Amino acid sequence: MNSKGFTFIEVLVALVLFTLRALVFAHMQILNIKGSSFGKDAVMATVVAQKKVEELRSTAFDAIVSQTTGVTDQNMTVTWTVTTFGTAPTRYKTILLTVSWTGKSISFNTIVSEI
């Protein structure tokens, strides 16, 4: 038998392998794009959180209270919970600040002292 080309089965197997590799590559690209999008949003959430923490730190100690209804900043919702510990003059507050956007969220903690 003279073999001058590829058989139909060989071509079919090669096409299946090529298609599988292309699908895996496409899936990796989709995951990469989703990861990049989350990274961009996480950086923006960190900036929004830092801004809010600085604002809270510059607020009078007794005026720092929880905000659970959410404040919107750059399409992100910011909420925070304040817990007070100790007695005067050595009181301090822990602030749990959460930034949320489209089903995702990141939380940050900080401490503010009375002194």
Side-chain angles (χ1 to χ4, degrees):
M1 202 185 216
N2 192 0
S3 96
K4 293 186 176 184
F6 296 106
T7 66
F8 178 72
I9 298 295
E10 290 171 329
V11 171
L12 190 60
V13 168
L15 284 173
V16 167
L17 290 175
F18 176 78
T19 302
L20 287 175
R21 288 183 181 170
L23 288 173
V24 168
F25 180 75
H27 183 67
M28 287 174 30
Q29 289 297 90
I30 290 169
L31 292 177
N32 185 29
I33 290 168
K34 285 181 181 178
S36 295
S37 176
F38 178 78
K40 178 184 72 82
D41 291 340
V43 167
M44 181 60 68
T46 303
V47 169
V48 168
Q50 182 65 36
K51 185 173 131 183
K52 183 50 73 176
V53 165
E54 293 301 323
E55 181 183 315
L56 290 170
R57 285 181 172 269
S58 66
T59 304
F61 184 80
D62 288 327
I64 300 173
V65 294
S66 296
Q67 177 72 37
T68 56
T69 57
V71 176
T72 303
D73 187 353
Q74 298 187 23
N75 295 327
M76 297 191 172
T77 303
V78 183
T79 58
W80 57 93
T81 304
V82 178
T83 308
T84 304
F85 296 96
T87 57
T90 57
R91 292 186 302 167
Y92 67 95
K93 294 183 178 190
T94 61
I95 302 170
L96 173 62
L97 188 123
T98 303
V99 181
S100 306
W101 70 98
T102 58
K104 299 174 184 75
S105 66
I106 297 179
S107 295
F108 303 89
N109 285 310
T110 191
I111 297 174
V112 178
S113 69
E114 186 173 23
I115 298 175

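All residue numbers in this chain count up from 1 along the given sequence. Computed from a prediction, not measured in an experiment: that's the story for all the values here.
Each of Val48, Val53, Thr98, Thr72 was scored for a side-chain contact (heavy atoms from CB on, under 4.5 Å) with Val78, with one residue passing: Val48. Under the side-chain contact (heavy atoms from CB on, under 4.5 Å) rule, Leu97 has a single partner from Leu56, Asn109, Thr110, Thr79, which is Leu56.
Of the inter-residue distances, the one linking Trp80 atom CH2 with Ile95 atom CD1 reads 9.0 Å to the nearest 0.5 angstrom. In this structure, CG in Leu12 is found 14.0 Å from CZ in Phe6, a value given to the nearest 0.5 Å. Distance NZ/Lys104 to CZ/Phe38: 7.5 Å, rounded to 0.5 Å.
Under the 4.5 Å side-chain heavy-atom criterion for Ile, Leu, Val, Met, Phe, Trp and Tyr, Val47 and Ile106 are members of distinct hydrophobic clusters.
Of all heavy-atom pairs between Val112 and Arg57, the closest is CG2-CG, 4.2 Å. Of all the heavy atoms in Lys93 and Thr84, the pair that sits closest is CE-OG1, 3.3 Å. Thr7 and Glu10 get closest at one heavy-atom pair: N-OE1, 2.9 Å.
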Which donor-acceptor pairs under 3.5 Å do the side chains of residues 14-29 make with protein atoms, sequence neighbours left out?
{"unit_1": "Thr19", "atom_1": "OG1", "unit_2": "Leu15", "atom_2": "O", "d": "2.7"}

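Between Lys52 and Glu55 there is a salt bridge, with a side-chain nitrogen of the basic residue lying less than 4.0 Å from a carboxylate oxygen of the acidic one.
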Where do Trp101 and Asn75 land on the side chain to side chain contact (heavy atoms under 4.5 Å, CB included) test, with the steps shown first? CA-CA 7 Å; Trp101 70 98; Asn75 295 327; over 6 Å; no
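With sequence neighbours excluded, no residue forms a side chain to side chain contact (heavy atoms under 4.5 Å, CB included) with Val65.
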